[in-house]
J.: 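Sharing a structure, written as structure tokens. Questions coming.
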Amino acid sequence: MIATKAFATPAPDADLAPFQIERRNPGPHDVQIEILYCGVCHSDIHQARNEWGNSIYPMVPGHEIVGRVTAIGDHVKNFKVGELAGVGCIVDSCRTCSQCSAGEEQYCENGMTGTYNSIGKDGLPTYGGYSTQVVVDEKYTLHVSEKLDLKGVAPLLCAGITTYSPLRHWKVSKGQQVAIVGLGGLGHMGVKLAAAMGAEVTVLSTSDSKEADSKRLGATHFVNTKKEGSMDALKNRFDFILNTVSAPNSYDQFLPLLKTDGAMVLVGAPPEPSAITGFNLIMQRRTIAGSLIGGIRETQEMLDFCAEHNITSDVEIIPMSQINEAYDRIMKGDVKYRFVIDIASLKD
Ligand code: NAP
Ligand code: ZN
Ligand code: ZN
């Protein structure tokens, strides 16, 4: 076993603190990765605080992992020692169901194994990227371009794929009107990716302070949703709305902004339910749907798309010791636009 330094939370109401874990020795199909950077997703906070009611403790969060391969198993075909590699939200799945066969492992009918807060096939809890190394089957390991700034690549492994996948699934294309609700870690990637796909992007935000950034990130319009009447002129405007908000929000506020046959897709995952008025769907045959991260093949496609279009996340680098403060700042909306942990700070 490989002794590995990590940061874990022991309980929903506790801070994260140093914790020692063990990684398995690489099996024949495994890749061992020295973690260099790990992004901090709002899902880390939901789960560390047991807001979704399914948390396993102690928990080592982190599913936006980039690093360098330090060892490979005998049968590994696609990775070499010394190469960059990435790990997102999925480290295993049944590999045989129809969803796995279709490359949609996130929807595995037998339940995918999450990078953390899951029980692996060995019966042990999985631990995430707030740690110095990870061992993952090459099937669930991604190739990372040397061309991009590695710090800004880490958040692509969750925020990037979670926004890319629905934009592709709902066929967002050149000239379409797209709104991104919430300009956080996911939202700012949604703006960059939708703009790169040729859409005209509007940011629907509760924070006036993000207007200038919205335009810099690639949006054409910015609307503060808290201002009375601010959305009146947007009725029937959008082909597609991506809702990334982490807290309960009024879906009825946004549905009337869709054109006939338009879709609002939820990726933000507040634990509490929100009411929907059927008429907002009925009147223009509108759709409301949800989307979970993306499969391994599509995650690689997204990473390649980002390398081609020179897209990375706007990040604020923190040492591991500042993680609790970072969680507090995310809850206040005070991050532009993703915290990324410099894992070197965990080795000292
Ligand atoms: P984040 O960085 O905290 O961004 C969330 C944004 O939502 C904030 O920046 C803010 O944007 C807006 N917001 C927050 N509280 C709000 C409130 N009370 N009312 C209205 N707007 C509010 O979080 P994130 O990492 O992007 O994650 C967003 C959500 O997606 C989380 O629930 C996370 O768990 C979920 N998620 C889902 C998937 C999936 O597969 N579906 C994957 C990853 C994450 P403005 O300041 O612009 O209003
Ligand atoms: Zn995430
Ligand atoms: Zn499966």
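Remember, it's 1-based here, ligands and their atoms both numbered in the order they're listed. Just so you know, these numbers come straight off a predicted model, no measurement behind them.
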J.: Answer yes or no for Phe222: is there a heavy-atom contact with ligand 1 below 4.0 Å?
T.: no

J.: Which residue owns the protein heavy atom closest to atom 23 (O) of ligand 1, what's the atom, and how far is it?
T.: His42 CB, 3.1 Å

J.: Atom 26 (O) of ligand 1: which protein heavy atom is closest, and how many Å away?
T.: Leu186 N, 2.8 Å

J.: As an exercise, identify every atom of ligand 1 less than 4.0 angstrom from a heavy atom of Leu183.
T.: 9 (O), 11 (O), 45 (P), 47 (O)

J.: To the nearest 0.5 angstrom, please state how far the CG atom of Leu156 sits from the CG atom of Leu303.
T.: 6.0 Å

J.: If the contact criterion is a heavy-atom separation under 4.0 Å, does Ser291 count as touching ligand 1?
T.: yes

J.: Evaluate Ile293 for polar contact with ligand 1, using N/O atom pairs at a separation under 3.5 Å.
T.: yes

J.: Would you mind listing which atoms of ligand 1 come within a distance below 4.0 Å of any non-hydrogen atom of Arg338?
T.: 24 (P), 25 (O)

J.: Taking the non-hydrogen atoms of Met331, is any one of them nearer than 4.0 angstrom to ligand 1?
T.: no

J.: Give me the nearest non-hydrogen protein atom to atom 28 (C) of ligand 1 as residue plus atom name, then the distance to 0.1 Å.
T.: Thr244 O, 3.1 Å

J.: Among all protein heavy atoms in this structure, tell me which lies nearest to atom 21 (N) of ligand 1, with the distance rounded to 0.1 Å.
T.: Val245 CG1, 3.4 Å

J.: Considering only non-hydrogen protein atoms, determine which one is nearest to atom 5 (C) of ligand 1 and report residue, atom name and distance to 0.1 Å.
T.: Ser246 OG, 3.7 Å

J.: Under 3.5 Å between any N/O of Tyr337 and any N/O of ligand 1: does that happen in this structure?
T.: no

J.: Using 30° and 60° as the class boundaries, would you call the ring planes of Trp170 and Phe240 parallel, tilted or perpendicular?
T.: tilted

J.: What protein heavy atom sits nearest atom 20 (C) of ligand 1, and how far away is it?
T.: Thr206 CG2, 3.6 Å

J.: What is the closest protein heavy atom to atom 31 (C) of ligand 1, and at what distance does it sit?
T.: His46 NE2, 3.5 Å

